[in-house]
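Below is one structure, written out as structure tokens, with a few remarks after it.
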Number of protein chains: 2
Amino acid sequence: MENKECRKNYRTRQQDSIENYFRMNPGVCVTADEIYMYFFNEGEKIGKATIYRCLDRMVESGGVKKFLSDSGEGATYQLIDGDKGCDRHFHLKCTRCGAVIHMDCEFMDEFERHIMEHHRFRVDNGRTIIYGLCEECADARSGAALKE
Amino acid sequence: MENKECRKNYRTRQQDSIENYFRMNPGVCVTADEIYMYFFNEGEKIGKATIYRCLDRMVESGGVKKFLSDSGEGATYQLIDGDKGCDRHFHLKCTRCGAVIHMDCEFMDEFERHIMEHHRFRVDNGRTIIYGLCEECADARSGAALKE
DNA sequence: ATTAAAATTGATAATCATTTTCAAATTTCC
DNA sequence: GGAAATTTGAAAATGATTATCAATTTTAAT
């Protein structure tokens, strides 16, 4: 009954470990299996089911973002950095190099307002990922096209 | 060698059937399995592997759009209607009821232009799906929240 | 038309990410 | 402390998608 006030979001060793893993590798975007292998190599055994469950919980609570993969390579997960406001802004993901651009911009408020007013739809920017090509990849693609 | 000139995009019975299915049910958004079951019930047997292959080809050629599902319920496919400009516009998908709204609107040109100019990113509207809540589901969610 | 070559089909098996199960371990809370 | 609730994890189950490969169909040339 002593430490009721010092509650953390993730309470078990496994939950802590996974959250720490994200914090120690800021910005990483990993699959459940990569997390599993990481801890396996570290000698810390965490079951796959547990990893999936923890990730689900973190996604549910809004602490982690889940990216669907185009073909079935398994979803990737990324920590949402509250300082960076990842829960509010949009994410642009390059389908070629995988880079994720955090798009924090008042234009998106206008975007959301437009969709709400004209299309009667409440955008969930936490779940939405805008796919496309970053500048380098767009250039590379054009360059490759010239050779074809 | 007689009918060389009358070439279609999809040449086999199965390919024709699948394309016809889409054309006869404009706007449907179905899984590979739903297509399989449809033909199974019609008495026309098309193998699952063939359905996946046909859909892949149609997606590849740009005739059909593939939506990834949030959790692993299987991808859904939808015919791209050239008349409606589905190859240009965006799709809003309700995470609660699954409804897909086709958003054809000059505002999105502005959206793309903004992202290109200010974030140096070329949006792929064919791949992007904007998630959120449609009006009914947003209302239902609010209603449910009152009871909790 | 025949026919050889190329492409497609489909039944089945294989893959592989994710989920379920359920008993054991851990945590919570009185 | 100890009961109740939650979480873990190993293994099995699930389920969508892909690979295999012989048989069928289509294509294109004879």
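Treat the numbers as computed from the prediction; the structure is a model and nothing was measured. The chains referred to below are lettered A, B, ... by the order of the sequence lines, with proteins before strands, and numbering in each begins at 1.
The 12-atom threshold is not exceeded at CZ of A/Arg120, counting heavy atoms of other residues, nucleotides or ligands nearer than 6.0 Å.
As a whole-Å value, the separation of A/Phe39 CZ from D/dT8 C1' is 15 Å. Rounded to an integer number of Å, the gap from B/Met37 CE to D/dA16 C1' is 16 Å. The CD1-C1' distance, from A/Ile18 to D/dT7, rounds to 12 Å in whole Å. Here the P atom of nucleotide C/dA17 and the CG atom of A/Asp56 are 16 Å apart, to the nearest Å. Distance A/Phe40 CZ to D/dA10 P: 10 Å, rounded to the nearest Å.
In this structure, B/Met116 is not a member of the same hydrophobic cluster as B/Phe111, with clusters built from ILVMFWY side-chain heavy atoms closer than 4.5 Å.
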Criterion side-chain contact (heavy atoms from CB on, under 4.5 Å) on A/Cys105 and B/His118, from CA distance to verdict: CA-CA 9 Å; A/Cys105 178; B/His118 292 78; 5.8 Å; no
Working for side-chain contact (heavy atoms from CB on, under 4.5 Å), residues B/Arg53 and B/Gln14: CA-CA 10 Å; B/Arg53 276 182 298 229; B/Gln14 293 86 340; over 6 Å; no
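When each of A/Thr12, A/Thr50, A/Ile51 is paired with A/Ile18, the side-chain contact (heavy atoms from CB on, under 4.5 Å) condition holds for A/Ile51 and for no other.
With sequence neighbours excluded, the residues that form a side-chain contact (heavy atoms from CB on, under 4.5 Å) with B/Val28 are B/Tyr21, B/Phe22, B/Asn25, B/Val30.
Each end of the helix from C/dA1-D/dT30 to C/dC30-D/dG1 gets its own axis from five base pairs, and the two axes differ in direction by 30°, given to 10 degrees.
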Can you tabulate the close N/O pairs, meaning under 3.5 Å, that link protein atoms to atoms of nucleotides 9-11 of chain C?
{"from": "C/dT9", "atom 1": "OP1", "to": "B/Thr12", "atom 2": "OG1", "distance (Å)": "2.6"}
{"from": "C/dT9", "atom 1": "OP2", "to": "B/Arg57", "atom 2": "NH2", "distance (Å)": "3.1"}
{"from": "C/dT9", "atom 1": "O3'", "to": "B/Gln14", "atom 2": "NE2", "distance (Å)": "2.9"}
{"from": "C/dG10", "atom 1": "OP1", "to": "B/Gln14", "atom 2": "NE2", "distance (Å)": "3.1"}
{"from": "C/dG10", "atom 1": "OP1", "to": "B/Lys45", "atom 2": "O", "distance (Å)": "3.4"}
{"from": "C/dG10", "atom 1": "OP2", "to": "B/Gly47", "atom 2": "N", "distance (Å)": "3.2"}
{"from": "C/dG10", "atom 1": "OP2", "to": "B/Thr50", "atom 2": "OG1", "distance (Å)": "2.9"}
{"from": "C/dG10", "atom 1": "N7", "to": "B/Arg53", "atom 2": "NH2", "distance (Å)": "2.4"}
{"from": "C/dG10", "atom 1": "O6", "to": "B/Arg53", "atom 2": "NH1", "distance (Å)": "3.1"}

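Using a 30° and 60° split on the angle between ring planes, A/His119 and A/His114 fall in the tilted class, from 30° to 60°.
Taking only side-chain nitrogens and oxygens, B/Tyr52 never comes nearer than 4.0 Å to OP1 or OP2 of D/dT18.
A salt bridge links B/Glu19 to B/Arg23: one of the charged nitrogens lies within less than 4.0 Å of a carboxylate oxygen.
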